Amino acid sequence: MDTQTPEHTGSRDGGQDRRIGAAGERVPGERGMWTSWWFWPLVAVCTADQFRDTAVRLMQGTPVIDGHNDLPWQLLKLFNNQLQDPRANLTSLAHTHTNIPKLKAGFVGAQFWSAYTPCDTQNKDAVKRTLEQIDVIHRMCQLYPETFLCVTDSTGIRQAFREGKVASLVGVEGGHSIDSSLGVLRALYHLGMRYLTLTHSCNTPWADNWLVDTGEDKARSQGLSLFGQSVVKEMNRLGVIIDLAHTSTATMKAVLQLSKAPVVFSHSSAYSVCQHRRNVPDDVLQLVKRTGSLVMVNFYNDYVSCRAEANLSQVADHLDHIKKVAGAGAVGLGGDYDGVSRLPSGLKDVSKYPDLAAELLRRQWTEAEVKGALANNLLRVFEAVEQASSHTQPPGEEPIPLDQLEASCRTSYGYSGAPSLHLQPGALLASLALLVLCLCPL
């Protein structure tokens, strides 16, 4: 400040008169100025502590159900799935977003662990790779029974809550993991899979992925093919949650209109807040509201802020927007920890969930709304999926047409010998071409 005071002019009396009244008392305004200097920051700190204390209290009774964590993929990359390697000890695992102390600090009470295999395994060893990742999740529960409880239903999640453990569920990330087979879909269900992401960042022969909306991939199924509809119906029959993260907008809409049960977006955010095609546009959020479905917000910076940097407050902006458009019951959390390279400041690992819950309370979310976002909304969806299932109905049996499968060295047993399939000449030629390719020396 450039304006001179009496002190600066050398008038000691004037300076004293400015601060001291005639009776030698300090002027009330001066005291108010100094009080305000420390009072409001102190109020802010105390209020922040109050919100976090409330968040911790809520999470002790309603811990987080996170929709997507890629720790099993990290265990493959770092240790080739050898969990008894001393470096793979989950109580001291370093350089990952997730380990047991961090899960406990973050009040994570249930986790959908991702059984992920990349798109380059499609038409090759995707099923084998998926089985191995499911096996890793099961072995986590076996090696750390005091921490993890492998469960397959909503009742199991509530049991884990009561026991103070992390309910561990299998989410298979990418429809290519079923290799266009309803039989494989059923087999994965029997191994514990409770959601299937219909696509990863590649089309399957029966559903389109989000890169179609950017123009990087061409639409193959215009959303969902006839066989894709069969996949959705079989998932409904079994009681497998349909996950629309990574899918194209057309696929999202087709599934939301077809499914008899609510669906989830296990790790996606709001397109209106960050215009990235991995996020969910408002017209789809309206369908989410209409169907009682759920968007579990992703923490990846590129989907949060559309930039390399992001912060916790911006994640809360996505939660606010989904709540505004689709309702408080449509909001969940799917951090994508250990599956992304950039995370918001304030949310650097799984221990930080209480800070996000505190931010929602600060934004005047009710305690019931916060508990919904933490866990209760997912439990509602899971229970609705279970109620819509019907194992007494006959399973789907119609296979995908052979000519819709990618060229590879796959066999075609059953196709040529099944008279009900009416194999077309084009499919026969495709089969012969595949045979020739497989016989060619490498």
Side-chain angles (χ1 to χ4, degrees), residues 45-69 71 90-91 97-113 144 146-149 151 154-169 264 266-267 294-299 311-320 322-323 328-338 343-383:
V45 170
C46 293
T47 304
D49 289 343
Q50 176 187 352
F51 287 130
R52 199 179 192 286
D53 289 346
T54 302
V56 168
R57 174 177 59 78
L58 294 178
M59 297 174 81
Q60 287 171 338
T62 309
V64 175
I65 302 176
D66 180 85
H68 193 88
N69 185 299
L71 179 62
L90 296 186
T91 61
H97 304 142
T98 312
N99 62 27
I100 288 173
K102 291 174 183 176
L103 288 166
K104 291 180 177 178
F107 293 92
V108 177
Q111 182 66 67
F112 281 89
W113 302 107
Y144 303 94
E146 71 287 347
T147 299
F148 301 120
L149 179 66
V151 304
S154 58
T155 300
I157 293 176
R158 295 183 189 279
Q159 177 187 344
F161 283 4
R162 290 191 297 271
E163 295 181 10
K165 297 181 179 180
V166 180
S168 295
L169 302 102
V264 304
S266 68
H267 55 304
L294 183 65
V295 179
M296 308 182 84
V297 168
N298 192 313
F299 297 170
N311 58 52
L312 181 152
S313 179
Q314 290 171 313
V315 173
D317 291 342
H318 285 266
L319 296 165
D320 274 343
I322 294 166
K323 175 186 169 188
V331 183
L333 303 174
D336 209 358
Y337 282 113
D338 283 306
L343 287 162
S345 60
L347 288 171
K348 291 302 184 184
D349 60 50
V350 297
S351 71
K352 303 302 182 182
Y353 281 110
D355 295 326
L356 182 57
E359 175 64 17
L360 298 182
L361 292 166
R362 187 176 295 107
R363 295 180 180 217
Q364 299 185 332
W365 285 47
T366 68
E367 292 190 5
E369 289 170 342
V370 172
K371 290 193 288 186
L374 292 172
N376 291 343
N377 293 342
L378 185 282
L379 285 169
R380 172 187 57 79
V381 168
F382 202 175
E383 289 165 354

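In what follows, every heavy atom counts, from backbone to side chain, and hydrogens, waters and symmetry copies are set aside. These figures come from a predicted structure and were not determined experimentally.
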Working to the nearest 0.5 Å, report the span between [atom1] of [X] and [atom2] of [Y].
X    : Y    : atom1 : atom2 : value
S313 : L356 : OG    : CG    : 10.0 Å
D336 : F299 : CG    : CZ    : 10.0 Å
L333 : N298 : CG    : CG    : 11.0 Å
T54  : D49  : OG1   : CG    : 10.5 Å
T147 : L90  : OG1   : CG    : 8.5 Å
K352 : L347 : NZ    : CG    : 9.0 Å

Do [X] and [Y] have side chains that get closer than 4.5 Å, going by heavy atoms?
X    : Y    : value
I100 : V166 : no
F148 : L103 : yes
L58  : L361 : yes
V151 : Q159 : no
L360 : E369 : no
R363 : D317 : yes
W365 : K323 : yes

Qualifying residues under side chain to side chain donor-acceptor pair (under 3.5 Å), relative to K102, sequence neighbours excluded
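Checked K102 against side chain to side chain donor-acceptor pair (under 3.5 Å); zero matches.
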
R158: which residues meet the side chain to side chain donor-acceptor pair (under 3.5 Å) condition with it, sequence neighbours left out?
E383

Looking at [Y], is its backbone amide N or carbonyl O close enough to the side chain of [X] to form a donor-acceptor pair, meaning the two atoms are under 3.5 Å apart?
X    : Y    : answer
H68  : G334 : no
N377 : V331 : yes
Y353 : V64  : no

Exercise: identify the closest heavy-atom pair between [X] and [Y]:
X    : Y    : answer
A55  : A357 : CB-CB, 3.8 Å
I157 : A110 : CG2-CB, 4.0 Å
G67  : F112 : O-CB, 3.4 Å
V350 : V108 : O-CG2, 4.2 Å
G106 : M59  : O-CE, 3.4 Å
A105 : P354 : O-CG, 3.8 Å

Within the 3.5 Å criterion, strictly below it, is a donor on Y337 or D66 matched to an acceptor on the partner's side chain?
no

Got a sec: does the CD of E146 have more than 12 other heavy atoms crowding it under 6.0 Å?
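Atom CD in E146 is crowded, with more than 12 foreign heavy atoms closer than 6.0 Å.
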
Would D355 and R362 pass as an ion pair if we require N to O under 4.0 Å?
no

Any ion pair linking E367 and R57 (charged N to carboxylate O, less than 4.0 Å)?
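Here R57 pairs with E367 in a salt bridge, since their nearest N and O are under 4.0 Å apart.
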
So, using ring pair (Phe, Tyr, Trp, His ring centres under 6.0 Å) as the criterion, who are the partners of F382 when residues are at least two apart?
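So F382 forms no ring pair (Phe, Tyr, Trp, His ring centres under 6.0 Å) with any residue.
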
